[in-house]
Structures are given as C-alpha cells and as structure tokens.
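Scroll down for the structure; my scribbles are underneath it.
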Amino acid sequence: MTSLFDPVQAGSLQLANRIVMAPLTRNRSPNAIPTPLVAQYYAQRASAGLLITEATAISQQGQGYADVPGLYGTEQLDGWKRVTDAVHAQGGKIVVQLWHVGRISHVDLQPDGLAPVAPSAIAAKAKTYIIQDGQGQFVPTSEPRALKAEELPGIVHNYRHAARNAIQAGFDGVEIHAANGYLLDQFLKRGANQRTDDYGGSIENRARLLLEVMRAVAEEIGGGRTALRISPVTPANDIYDAEPQPLFDYVVRALAPLGLAYVHVVEGATGGPRELPDRPFDYPALKAAYRQAGGKAAWMVNNGFTKALAEQALLNGDDLVAFGKPFISNPDLVRRLRDNAPLNPPDQATFYGGGAKGYTDYPALPA
C-alpha cells in the first residue's frame, strides 16, 4: 500500500514524501519583500515532501493584501533567494504560488491608488487586509474596473516574467493560483465574468486567460516545473458558477498536453466544509477527465485532511495531500504524522501579520 511517507515524482520534482505544505498567507513581508524570518519559517517546515509558498503577487496590480510578498522586483528576488537557499540546505523542495488577486484588493494597495481590476466591474462581497495608522485591519474590497482585452497579454507576460524570476530565485517550480475567487478564477466563473468578448460567455472563452497563462509559464520554465491550483466550488471571495463540472472538466482536459508537475484541487469550501450540498461536484470524474485526456501530472488534494483521510485519498489514487493549518503550528508535521504524535494547536490571533510569535516559535518534538 502506498504510504504518505513514500517518495513520489511530480513532473520534474522528485519528492521525498507525499505530504505537502499548502500555501498559507501570513502577511510578514513588508514592502512585499520576504525577510530572514520568512526564510526561517519555511526552513523549519522543509521535511514536507513539498512546500508551496504563500501566494505571491506577479505585479503591484496583483497585490491584494498588506505585507504579502511579490516576485517582480530585485529586492523581492533577493528575499526569496534567502528562503530557497534555507529550504534547500535542509533538503527540502519549494515552489512559489504565483498570484494576481484581481478584484480582491483595495485602492490603498494599488499603484497610484487606482481601482483594482477584474473581468467585469462587479464588486466582490469580500474583505481584504490593509494597514492604516500602523494597525492591520480587514476592510471591504474596493470597486473594480473591467480589464480591457488589450491589457490581458500584459498580464500573461507578468505571469511569465514572475515564473522566470522564480527560477532565478532558486525555486524548484511554480504553482499558478487559479482558485479561491482571485483573478484567474474570476475569469473562469460566470458570477464574476459577464464579458461579451473572447474572454467571456462560453466555457472556452472564460478559460482562455488561464490557459494562455499556463502555456506561457510552461513554455518559459518547462511544464514539469509548472503546476496549477483550482477550487471548483469554493464560495471564497464571493465566487460562484452554476455549472462547475463541465467548466473544470474542460480546463483539466485542455491542460493535459502541458506535462505539468501537479494539479492541486481544493475540495469543497476553502478552509471550510468538504461537502457543499448546494454545490455538488464529482472530484473523481474531474481526475478521470484529466487522465483520459492523457494528463500525467501528480494529483494533489487539499482541504481539511487528517492523516486518516489522507491515507484514504492515496488508496483512491491521489498522489499528494496538502495540509494547511496543521503546518502553521507544527513545523515537524511530517514526523508527528509518522509517529502519531499530538499536534500543537494553532494560535489564530497570530495568523496574519506580526513577528516571530505564532510564526517561528512553535515547538518541534524533542530530538
């Protein structure tokens, strides 16, 4: 029987085990630059088969929260190089999650105080995190403007450029964030995309931008170092589509020829229930659609997994299991799962922003 602790190949990535640290926004990168504390945080967790960084903006326009990292400036690359060096020194593998938030932003975070961008000028009933008068706080997102068709090649270019920067910064690969109601997910789903041009309407049109991004990144750094995250039915950030099954079946079939490293699927509501009675979805059928189209990427599942659920996922033919909150408070989560050791509880008050407290000070088991 396949174990969580067995090695696995994911595209070009040879992973020591099947336990993945999910991307977790922690808001500890002032001016979008990862600090030495960030390097310590990831290095502490390098026993995971794979670390996926917190979502990282491809441009200032793509920023949606205060003190989240970027990958578009020299100082940002230098900060990430410290991180990748620290992880590799511990024998770990790390990919960066590339992000454009689209409408989930605030004018205070945008270049020159401009409006955030979106497929359509539809505000999200959602909040974002900004710092005012030295205090972090959650505030409603700002009204977005609709992107013009002629702006979209520039966004594709920004993803390509960020992917190239990632490899220069020492990352083992990149994960494109097309989940949780951010820009690429906004284009996919009718609740946020009411365009009438080549990027709206039909499934093929709504998937066009995502597929252009994936092809550009795979061409730039190789398909085996490129991955994708999707969340077919999550309500996160006020996102919705009435027919997610044919939409995402189409997306994964179209991705099959790219030779990706892995496909990362958030099952259910991100950070919430795994089953949504009002949003049914057949995840085994999604994986089957991908495999039938010739897709060979490792299949990663995510959302509320325990050790028992993760072992069942492997029995069901999934390849990788991502753990989120348990990794916040358990830097040695792999060992704790292997030894059936108790887990440290997380301190939710320190999830977003701050310093070492609740970030790098959780204890590991004694040697």
Taking atom [atom1] of [X] and atom [atom2] of [Y], what is their separation to the nearest 0.5 Å?
X: Glu267; Y: Arg274; atom1: CD; atom2: CZ; answer: 4.5 Å
X: Ile52; Y: Ile94; atom1: CD1; atom2: CD1; answer: 10.0 Å
X: Asp332; Y: Leu343; atom1: CG; atom2: CG; answer: 9.0 Å
X: Thr35; Y: Arg28; atom1: OG1; atom2: CZ; answer: 9.5 Å
X: Arg160; Y: Asn158; atom1: CZ; atom2: CG; answer: 11.5 Å
X: Ile155; Y: Ser59; atom1: CD1; atom2: OG; answer: 7.0 Å

Got more than 12 heavy atoms from elsewhere within 6.0 Å of [atom1], [X]?
X: Glu75; atom1: CD; answer: no
X: Asp78; atom1: CG; answer: yes
X: Tyr352; atom1: OH; answer: no
X: Gln312; atom1: CD; answer: yes
X: Glu150; atom1: CD; answer: yes
X: Asp133; atom1: CG; answer: no

Parallel, tilted or perpendicular: which describes the rings of Trp99 and Tyr65, with under 30° parallel and over 60° perpendicular?
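Correct class here is parallel.
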Check the angle between the aromatic planes of Phe327 and Phe323 and answer parallel, tilted or perpendicular using the 30° and 60° thresholds.
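Answer is perpendicular, since the angle exceeds 60°.
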Same cluster or not: Leu50 versus Leu260, using hydrophobic residues (I, L, V, M, F, W, Y) connected whenever any side-chain heavy atoms lie under 4.5 Å apart?
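As far as the 4.5 Å side-chain criterion goes, Leu260 and Leu50 are not connected within one cluster.
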Phe171, Val20: one ILVMFWY side-chain cluster at the under-4.5 Å cut-off?
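Hydrophobic grouping puts Phe171 apart from Val20.
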State whether Asp185 and Arg190 are salt-bridged, where the test is any N-O pair (Lys NZ or Arg NE/NH1/NH2 against Asp/Glu carboxylate O) under 4.0 Å.
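Result for this pair is no, no salt bridge flagged.
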Can Arg26 and Asp67 be counted as an ion pair, charged N to O under 4.0 angstrom?
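Result for this pair is no, no salt bridge flagged.
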Kindly state whether the ring of Tyr250 and the ring of Phe248 have centres lying under 6.0 angstrom apart.
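Aromatic pair excluded; centres sit 6.0 Å or further apart.
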Trp299 and Tyr262: aromatic ring centres closer than 6.0 Å?
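Not close enough - the centres of the two rings lie 6.0 Å or further apart.
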Return the minimal non-hydrogen interatomic distance between Ala261 and Gly224, and the atom names on each side.
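Taking Ala261 first and Gly224 second, the nearest heavy atoms are CB-O, 3.3 Å.
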